Amino acid sequence: MSIPTKFVPSAVEDKWYKYWLENDFFKSTPDNRKPYTIVIPPPNVTGVLHMGHMMNNSLQDILIRRARMRGFNACWVPGTDHASIATEAKVVEKLKKKGILKKDLSRDEFLKHAWEWTDEYGGVILEQLKKIGCSCDWDRTKFTLDPEMSKSVITVFIDLYNKGLIYKGYRMVNWDPQAQTTLSDEEVIHKEKTGSLFYISYKVDGYDESLVIATTRPETILGDTAICVNPKDDRYKHLHGKNAIVPICGRSIPIILDEYVDVEFGTGCLKVTPAHDPNDKSLGEKHKLDFIDILNPDGSLNSFGLQYEGQDRFAVRKSIVKDMEGLGCLVKKENHTSKVGTSERTNAIIEPRVSEQWFLKMKNLAKPAIGAVLEANEVQLIPKKFKNTYRNWMENITDWNISRQLWWGHRIPVYYYGKNNDHYVVAESKEKALELAIIKFGNPNMLISELRQDADVLDTWFSSWLWPISVFDGINKPNNEEVNYYYPTQDLVTGPDILFFWVARMIMAGYAFRDKFPFSKVYLTGIVRDQKGRKMSKQLGNSPEALGLINEYGADAVRVGLMLSSAAGNDLLFDESLCKQGKNFTNKIWNAYRLIDSWNVDSKIDQPISSKDAILCFEHAFNKALETVDDHFEKYRMSDALMTVYKLIWDDFCSWLLEITKPDYGSSIDETSINQIKIQFQKILKLIHPFMPFISEEIWHIIKSRSKKESLVISSWPVQKKYSNSVLKNYDTLKQIVGSVRHFRKENSLKQKFPLSLFYYKTNSIKFTEVILRLAQLDKIEFSNKKIKEKGGVFRVGVNEFFIPLEIKIDSKKESIKINDELKHLEKFLGSIMNKLSNSRFVENAPNDVIELEMKKANDSREKIENLQSRLESLN
RNA sequence: GGGCGCUUAGCUCAGUUGGUUCAGAGCAUUUGGUUUACACCCAAAGGGUCGGGGGUUCGAAUCCCUCAGCGCCCACCA
């Protein structure tokens with residue numbers, strides 16, 4: 001059976017993925033092994049795979065595959081998120097294109113459309129994850145709107161309500177006029193925008209005088225119910241107790257006093273619009289002012305907007321300014337930049353608005369979650385720098401607005417009754433609600449039809465914060481075997497952008513509902529950016545199509561490309577050339593195996609010393625690399641781990657081991673060598689498998705074809721073995737000698753073999769001479785005690801000097817300049833060492849080994865200088 | 001306004017508690033090489049006064065101060 005010349009990823013990817021699934025390698029059930037669990041950050045159910053997902057999930061797959069090989073009961077739970085606002089927005093848009101408006105649909109009709117959409121596109125992204133090789137236990141796939149998942153959410157709501165942590169509050173919230181819902185503070189992104197600061201004059205009621213206020217939002221004057229000045233501000237003392245007239249609408253409003261007003265800013269007069277600004281709201285409550293809400297839910301003005309009614313807030317801003325200009329009450333206009341809140345989802349400019357919403361008290365929930373991360377270290381954030389960000393947010397946490405004026409999501413389990421919805425009960429079902437209502441209201445004849453469920457749904461994150469518990473049904477059945485076995489999970493891999501949205505809240509939920517942290521490590525990836533450092537996004541069109549990349553380079557190559565430069569927490573400037581590098585690496589591995597497979601084996605040949613030595617060197621290099629790789633994994637430095645394996649394969653295995661053991665053209669390899677090489681190859685396949693699952697599995701099966709078959713997926717990760725530093729040092733020396741000979745050849749345009757002599761200092765031998773002979777293409781290596789002063793080539797490796805007795809023309813002028821330069825350097829270096837050594841403070845303070853080292857450096861330098869000097873003499 | 005982080009080769013980044021031979025890697029570059037696994041390749045080479053300045057120390061890319069530039073998070077200044 002011959003191996004194809006080219007590795008064609010598409011030809012093997014589906015084959016092996018199917019094979020893995022058929023053999024249930026990714027399936028996990030509780031047993032007596034230690035579990036290693038990862039819950040996926042559930043992508044939006046209607047989402048499409050992008051670069052961020054690819055990186056994120058490749059990382060998780062690398063972790064879970066290695067854990068599986070290390071003998072853990074590895075369990076990676078996949079799933080999707082209903083993504084309330086995002087999905088609803090998409091459905092609304094899609095219906096709009098068909099000419100259907102949300103407002104014309106009933107809730108049930110709308111939800112039917114939403115489910116259709118979900119059934120059509122939901123799970124597409126999970127299929128895409130399979131393409132990149134993700135080894136999830138697909139039988140465990142969860143969706144946040146699944147019945148048990150929803151039940152968990154409702155149970156938790158009721159529980160928190162009964163504990164007094166959930167309350168209904170009439171408060172200022174963030175209103176998204178496009179999605180027409182409230183948002184949590186975290187969903188508001190503050191962006192710097194340039195606008196204008198308008199100075200508007202208000203007449204003082206009953207006096208021939210006016211005052212001037214400054215505002216960035218002139219349309220809100222229609223909602224003004226006071227003017228506020230600082231009581232200490234001498235400029236306005238004569239106005240205390242008077243009223244002012246709001247331009248346009250002519251309303252007379254009081255001039256109130258409060259220290260809140262900054263005397264320095266603007267004119268020192270502040271217009272107060274309690275219904276449209278959080279600070280004004282506090283002032284309004286403090287001074288018992290009227291609240292005038294001038295906006296409709298869609299951001300247009302309502303009847304308080306007078307002649308502007310029905311127009312959009314930004315249109316009104318323009319026309320009201322123009323109108324005031326006409327009335328002469330616009331004093332001036334200045335350029336002004338300020339941070340404007342925008343919706344994370346729709347990008348719409350947020351309106352602060354007072355309304356009645358459900359809130360969750362966070363302070364007490366946060367307490368154990370702060371301790372876990374900052375003191376007990378039960379949950380580690382990687383990289384550590386996020387600890388500060390976390391602390392800052394957690395210590396200043398505010399109550400969480402959990403209600404959304406949407407339909408797609410978990411409906412709030414609150415049932416109203418009474419004339420104006422003035423009573424309510426909280427229950428998991430209408431029937432249960434009726435029972436409670438009858439008890440509470442004392443009306444035994446109450447009918448179920450009198451109950452009206454709250455129209456709102458819960459924030460998406462109110463279900464995802466339970467994810468690590470609810471995927472094991474740990475809310476509904478707190479003592480089930482699964483949750484007891486898998487929870488707490490080990491690693492969570494996600495982006496830092498959802499540290500507050502999701503990670504922090506999961507930690508809080510973990511302590512609140514299971515009295516235990518949800519995961520012990522949080523690996524926060526960087527954000528994938530393009531070459532110009534811009535975040536990849538659909539709008540910018542700078543995101544390569546994920547599946548397109550896989551088709552072009554192969555899944556293994558893309559995974560390698562992503563891993564090569566993705567240190568935790570560092571943003572990754574994605575460059576397609578990294579995938580190219582990954583593809584080249586795939587090709588390299590493939591060809592290495594093709595080479596081995598092509599060799600004829602002759603059982604009668606003895607193993608050459610060079611092969612024996614080379615394999616010995618490789619084994620030690622392997623063990624050292626394994627130690628390094630394991631250490632990198634321990635520190636979650638996956639790109640470093642990959643680079644270590646990359647170099648082990650490319651350099652140590654291919655460039656050295658295979659080049660040394662490769663039989664001459666037409667000859668055969670001995671049986672011992674080929675067998676040992678194959679064993680080494682299998683070991684490196686294991687190391688590369690978590691990174692490149694497909695090609696490693698393909699070759700693994702080819703190697704194994706004559707013996708019993710077993711998947712690499714469930715093979716064992718190599719165990720660290722001792723390696724000898726002296727062997728590695730000799731190996732390194734041989735590489736340098738070979739390199740030097742090659743360099744010498746190139747410098748002198750030599751092609752033929754030639755004899756090489758070694759001039760020694762402290763040793764009369766070098767190791768692995770057979771190997772050197774072979775790779776450097778030399779006739780012989782001789783040792784000599786005497787300095788050889790013939791003309792010829794000379795080079796040094798460490799303190800050893802090598803001489804090549806060959807009649808070649810040497811440009812002695814050039815050579816002596818080179819030697820002199822080197823001498824200068826060495827002398828300067830020696831000088832600085834001698835300085836140190838003659839400094840009594842250094843000798844007294846520095847540890848012995850450092851001093852010894854310095855002395856050795858000095859001696860070595862002297863030897864080198866001596867060498868160079870005699871070389872210089874021989875030139876003249 | 002508060003907090004955090006970054007600045008090391010053309011690019012992307014390592015550099016662990018200051019000390020293992022005048023700073024490392026990958027990519028890119030230059031030069032030479034193709035009948036004998038791979039040009040998606042082999043071999044060799046070049047390339048950095050570690051952002052600027054000052055300080056601590058026997059010794060600083062590493063610690064401290066300061067200046068400059070960049071990035072992120074948080075915050076209600078109209």
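Since the model is a prediction, treat every value here as computed from it, not as a measurement. Residue numbers start from 1 in every chain, and the chains themselves are labelled A, B, ... in the order their sequence lines are given, proteins ahead of strands.
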When we call it a touch if two heavy atoms are under 4.0 Å apart, what does [X] touch: a base, just sugar-phosphate, or nothing?
X        : result
A:Lys271 : nothing
A:Cys269 : nothing
A:Thr389 : sugar-phosphate
A:Gly739 : sugar-phosphate

query = Mapping A:Tyr665 and A:Thr216 onto RNA chain B by nearest heavy atom, which one lands closer to the 5' end?
reply =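 Final value for this comparison: A:Tyr665.
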request  = Assign each of A:Gly268 and A:Asn396 to its nearest nucleotide of RNA chain B by heavy atoms, then name whichever residue's nucleotide is nearer the 5' end.
outcome  =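 Residue closer to the 5' terminus by nearest nucleotide: A:Asn396.
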Proximal nucleotide (of [options]) relative to the [X] side chain:
X        : options             : result
A:Phe500 : B:C40, B:C73, B:C77 : B:C73
A:His743 : B:A44, B:A78, B:A75 : B:A44
A:Arg742 : B:A43, B:A14, B:C38 : B:A43
A:Val261 : B:C40, B:A78, B:C74 : B:A78
A:Asp262 : B:C77, B:A43, B:A37 : B:C77

Is there a side-chain polar atom (N or O) of [X] under 4.0 Å from OP1 or OP2 of [N]?
X        : N     : answer
A:Arg841 : B:C58 : yes
A:Lys588 : B:C42 : yes
A:Thr5   : B:C38 : no

Using salt bridge (charged side-chain N to carboxylate O under 4.0 Å, His left out) as the criterion, list what pairs up with [X], not counting sequence neighbours.
X        : answer
A:Asp233 : A:Arg235
A:Asp224 : A:Lys271
A:Asp651 : none

Derivation of the side chain to side chain donor-acceptor pair (under 3.5 Å) call for A:Asn591 and A:Asn587 = CA-CA 6 Å; A:Asn591 280 294; A:Asn587 181 256; 3.2 Å; yes
key: Residue list, side chain to side chain donor-acceptor pair (under 3.5 Å) with A:Glu219, at least two apart or on another chain   =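 With neighbours one apart ignored, the set is A:Arg317.
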Inter-nucleotide [atom1] distance ([N], [M]), Å rounded:
N     : M     : atom1 : result
B:A78 : B:C6  : C1'   : 35 Å
B:C63 : B:C73 : P     : 26 Å
B:A9  : B:G5  : C1'   : 23 Å
B:A61 : B:A43 : P     : 33 Å
B:G15 : B:G54 : C1'   : 25 Å
B:U8  : B:A60 : C1'   : 14 Å
B:A14 : B:G51 : P     : 14 Å
B:G52 : B:U36 : P     : 50 Å

inquiry  = Let's see if you get this right: which residues in residues 185-196 of chain A place a heavy atom under 4.0 Å from RNA chain B?
reply    =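 Contacting residues: none.
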Verdict with reasoning, A:Thr182 to A:Asn401, per side chain to side chain donor-acceptor pair (under 3.5 Å) = CA-CA 8 Å; A:Thr182 56; A:Asn401 173 200; 3.2 Å; yes
Identify all side-chain donor-acceptor contacts of residues 655-662 of chain A below 3.5 Å with residues at least two apart in sequence or on another chain.
{"from": "A:Ser655", "atom 1": "OG", "to": "A:Trp650", "atom 2": "O", "distance (Å)": "3.1"}
{"from": "A:Glu659", "atom 1": "OE1", "to": "A:Lys662", "atom 2": "NZ", "distance (Å)": "3.3"}
{"from": "A:Thr661", "atom 1": "OG1", "to": "A:Leu657", "atom 2": "O", "distance (Å)": "2.7"}

Check nucleotides 16-22 of chain B against the protein and report each pair of N or O atoms closer than 3.5 Å, with its distance, or say if there are none.
{"from": "B:U21", "atom 1": "N3", "to": "A:Asp860", "atom 2": "OD2", "distance (Å)": "2.8"}
{"from": "B:U21", "atom 1": "O4", "to": "A:Lys856", "atom 2": "NZ", "distance (Å)": "2.7"}
{"from": "B:U21", "atom 1": "O4", "to": "A:Asp860", "atom 2": "OD2", "distance (Å)": "2.3"}
{"from": "B:C22", "atom 1": "O2", "to": "A:His825", "atom 2": "NE2", "distance (Å)": "2.3"}
{"from": "B:C22", "atom 1": "N3", "to": "A:His825", "atom 2": "ND1", "distance (Å)": "3.3"}
{"from": "B:C22", "atom 1": "N3", "to": "A:His825", "atom 2": "NE2", "distance (Å)": "2.7"}

Report all side-chain donor-acceptor pairs from residues 334-342 of chain A shorter than 3.5 Å, counting only partners two or more places apart or in another chain.
{"from": "A:Glu334", "atom 1": "OE1", "to": "A:Tyr199", "atom 2": "OH", "distance (Å)": "3.2"}
{"from": "A:Glu334", "atom 1": "OE2", "to": "A:Lys332", "atom 2": "NZ", "distance (Å)": "3.3"}
{"from": "A:Thr342", "atom 1": "OG1", "to": "A:Ile189", "atom 2": "O", "distance (Å)": "2.9"}

inquiry  = Whether the side chain of A:Glu659 and the base of B:A37 hold a donor-acceptor pair under 3.5 Å is what I'd like checked.
reply    =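 It does, because a donor-acceptor pair links the side chain of A:Glu659 to the base of B:A37 below 3.5 Å.
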Donor/acceptor link under 3.5 angstrom from A:Asn388 side chain onto base of B:C4 =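 Answer no: no donor N or O sits under 3.5 Å from an acceptor.
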message = Is it the case that the side chain of A:Asn230 and the backbone of A:Val261 share a donor-acceptor pair, with hydrogens and angles ignored and the cut-off at 3.5 Å?
response =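 Yes; at least one donor-acceptor contact below 3.5 Å.
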message = Keeping A:Glu285 on the side-chain end and A:Ser282 on the backbone end, is there a donor-acceptor pair under 3.5 Å?
response =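 Looks like no, no N/O pair under 3.5 Å.
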query = In whole angstrom, what separates A:Ile527's CD1 from B:G5's C1'?
reply =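 So the two atoms are 14 Å apart, to the nearest Å.
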Partner residues of A:Arg353 under the side-chain contact (heavy atoms from CB on, under 4.5 Å) criterion, sequence neighbours left out =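 Testing A:Arg353 for side-chain contact (heavy atoms from CB on, under 4.5 Å), a comparison that skips the adjacent residues, returns A:Trp175, A:Asp293, A:Pro297.
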message = Under the ring-ring contact (aromatic ring centres under 6.0 Å, His included) test against A:Trp393, which residue among A:Phe501, A:Phe500, A:Phe386 passes?
response =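 The residue from A:Phe501, A:Phe500, A:Phe386 that satisfies ring-ring contact (aromatic ring centres under 6.0 Å, His included) with A:Trp393 turns out to be A:Phe500.
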task = Can you run down the salt bridge (charged side-chain N to carboxylate O under 4.0 Å, His left out) pairs that involve residues 573-589 of chain A, sequence neighbours left out, and say none if there aren't any?
result =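 Listed by first then second residue: nothing to list.
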ask   = Which is it for A:Met855 and A:Leu837 under the side-chain contact (heavy atoms from CB on, under 4.5 Å) test, yes or no, and what are the steps along the way?
value = CA-CA 8 Å; A:Met855 283 162 70; A:Leu837 286 172; 3.9 Å; yes
inquiry  = Just verifying a value: how many Å separate A:Leu257 CG and A:Tyr236 OH, rounded to the nearest 0.5 Å?
reply    =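 Answer for the CG-OH pair, A:Leu257 versus A:Tyr236, is 13.0 Å.
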inquiry  = Ring centres under 6.0 Å, that's the criterion: do A:Phe681 and A:Phe653 meet it?
reply    =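 So the answer is yes for these two rings.
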remark   = Quick tally for nucleotides 23-33 of chain B: nucleotides whose base has a protein heavy atom under 4.0 Å get B, sugar-phosphate-only ones S, the rest -, giving --SSS---BS-
inquiry  = Please convert RNA chain B into dot-bracket. A pair counts if it is Watson-Crick or G-U wobble with both distances under 3.5 Å; crossing pairs go in [ ] and bases paired with another strand get |.
reply    = (((((((..((((.....[....)))).(((((.......))))).....(((((..]....))))))))))))....
